[in-house]
Amino acid sequence: MNKLVLLGAVWVAALSAAEHGWAQTDNYPMRPIRIISPFPPGGSVDLVGRLLGARLSEMLGQQVIVDNRTGASGTIGTELAARAAPDGYTLLVNTLPLVTNMFLFSRISYDVVNDFAPISLLTSSANVVVVHPSLPARSVRELLHLARSKPGALNYATAGAGSNPHLAGELFNHLGKVNIVAVHFKGGGPALIATMSGEVGIAFGNMAEASNHVKNGRLRALAVTGTKRSVTLPDVPTVAEAGLPGYEFVGWTAMLAPRNTPRPVIALLNDRIVKILRSPDQAQRFTERGFDVIASSPEELGAHLKSEVTRLGRVIKERGMKAD
């Protein structure tokens, strides 16, 4: 009898806690929401976070703040998000290093598949191969020829070890059978600044970051890394059609929350984010900046992350890439 009473008390307590949790989500959000961007301001991840955050503020009736917590190729901000309270008030916007860092660093304190609740795969975008105007290469073929004639003498800027530009550059090295040396910076913005100043000759910059600098003549675009030309730079060929068959690199951005964030909160955030991304005016804003809108379900993002763990893990191991 005592056991039955105890079990009944436990059941009532659990039911009460569940009802309390649902009551909390009914009023969500009741205070400002923080989106952690683990990269510096001015990069593609930061831009996606700010574009979404501004509209989420309007739709949710609470301020949405982008909090740049940079360092260690994005691991500092990502670990902070993984340890945050699972209450819907701390979110994470991230890109490929969310997956690649688990292979590049000997130890990280989070697991991309098990420590986060997927919300939505937001966008995808190709990178663009850009060079300083003084570099004597006006095409991919000329760049490959120059790199082969001076092995190890050329360098390219990345947004950090394992970042999208780093992976794009190593794929270029691998398929082109060249050795252009990676120089790591703390974000895509600093990497492009170094390329524009001539400190580094080449970059595999995100379209959203690099296109304006191409248009104003501070950088020269040789090719885009996707399978098709970009509407942002329609006269620039793909890497494959410009002289390196089989090359393809497309990045992505995703929104996540800490594990155990209530399902109703995840569903609400996904609903609002998808509506923002698919609205004609917002979709146009993203397209103009070189992003292709995806706006997936949480389940689709979860499946995508598992697939990327397999795909990117194989590339990193084959190239022997390490960050520490």
Side-chain angles (χ1 to χ4, degrees), residues 42-52 95-96 121-147 156-159 163-169 171-173 175-176 180 188-189 191-196 200-253 276-296:
S44 60
V45 174
D46 179 72
L47 177 58
V48 170
R50 292 182 187 280
L51 287 172
L52 269 179
T95 183
L96 273 72
L121 187 59
L122 308 173
T123 65
S124 66
S125 62
N127 285 38
V128 55
V129 186
V130 293
V131 300
H132 187 271
S134 66
L135 195 78
R138 294 185 171 275
S139 69
V140 167
R141 286 187 177 87
E142 289 182 3
L143 179 58
L144 289 170
H145 177 76
L146 184 64
Y156 72 94
T158 85
S163 63
N164 295 15
H166 188 199
L167 290 166
L171 183 61
F172 190 89
N173 277 333
L175 294 178
I180 304 174
L192 284 178
I193 290 171
T195 310
M196 287 186 286
V200 180
I202 306 159
F204 293 77
N206 184 274
M207 186 68 66
E209 302 171 64
S211 57
N212 285 336
H213 303 306
V214 171
K215 291 173 182 177
N216 65 29
R218 300 185 70 184
L219 292 171
R220 180 189 305 134
L222 303 187
V224 296
T225 63
T227 57
K228 59 183 180 181
R229 296 193 181 200
S230 170
V231 295
T232 306
L233 297 171
D235 296 329
V236 178
T238 67
V239 174
E241 69 178 305
L244 190 54
Y247 185 98
E248 175 191 350
F249 181 86
V250 178
W252 46 262
T253 56
I276 291 169
L277 291 173
R278 292 182 179 171
S279 65
D281 60 327
Q282 293 301 311
Q284 181 64 26
R285 293 185 71 188
F286 280 94
T287 299
E288 289 171 350
R289 290 161 175 79
F291 296 107
D292 293 323
V293 168
I294 300 176
S296 81

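Please read these numbers as outputs of a predicted model, since none were measured by experiment. We number each residue from 1, following the sequence as shown.
Rounding to the nearest 0.5 Å places CZ of F291 at 5.0 Å from CG of N206. The line from CG of L135 to CZ of R220 is 7.0 Å long, rounded to the nearest 0.5 Å. Taken to the nearest 0.5 Å, the CD1 atom of I294 stands 4.0 Å off from the OG atom of S124. Rounding to the nearest 0.5 angstrom, the gap separating the CD atom in Q282 from the CG atom in L52 is 8.0 Å. Note that the CG atom of D281 and the CZ atom of F286 stand 10.5 Å from one another [nearest 0.5 Å]. Remark: E248 CD to L171 CG distance equals 9.0 Å, nearest 0.5 Å.
Two residues are said to be in side-chain contact when any heavy atoms from C-beta on lie closer than 4.5 Å; S44 and E209 meet this criterion. Side-chain contact between V140 and L144 is present, with at least one heavy-atom pair separated by less than 4.5 Å. Side-chain contact between L96 and F249 is present, with heavy atoms from C-beta onward closer than 4.5 Å. Taking 4.5 Å as the limit, some side-chain heavy atom of R289 sits within range of a side-chain heavy atom of L51. Inter-residue side-chain proximity for M196 and I193 is flagged as met; some heavy-atom pair is nearer than 4.5 Å. Side-chain contact check for L192 versus V130: some heavy-atom pair is nearer than 4.5 Å.
By the 30° and 60° cut-offs, the orientation of the rings of Y156 relative to H166 is tilted.
The nearest pair of heavy atoms linking A159 to G188 is CB-N, 3.3 Å. Nearest heavy atoms, A157 versus P165: O-CB, 4.2 Å. In terms of heavy-atom proximity, G246 sits nearest to A240 at N-CB, 4.2 Å. Scanning all heavy atoms of the two residues, the minimum distance from V128 to M207 falls at CB-CE, 4.0 Å. For A137 against L222, the heavy-atom pair with the smallest separation is O-CD2, 3.6 Å. When all heavy atoms of S125 and G290 are compared, the closest pair comes out as CB-O, 3.3 Å.
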Q: Step by step, work out the side chain to side chain contact (heavy atoms under 4.5 Å, CB included) result for F172 and L143.
A: CA-CA 11 Å; F172 190 89; L143 179 58; 4.0 Å; yes
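Crowding of K215 atom NZ: a count of heavy atoms from other residues, nucleotides or ligands under 6.0 Å exceeding 12.
Exactly one of T123, N164, T95 qualifies for a side chain to side chain donor-acceptor pair (under 3.5 Å) with T253. That residue is T123.
With hydrogens and angles disregarded, no donor-acceptor distance shorter than 3.5 Å links the side chain of R278 to the backbone of V293. When atom types are taken as modelled, the side chain of N127 and the backbone of T225 share no donor-acceptor pair closer than 3.5 angstrom.
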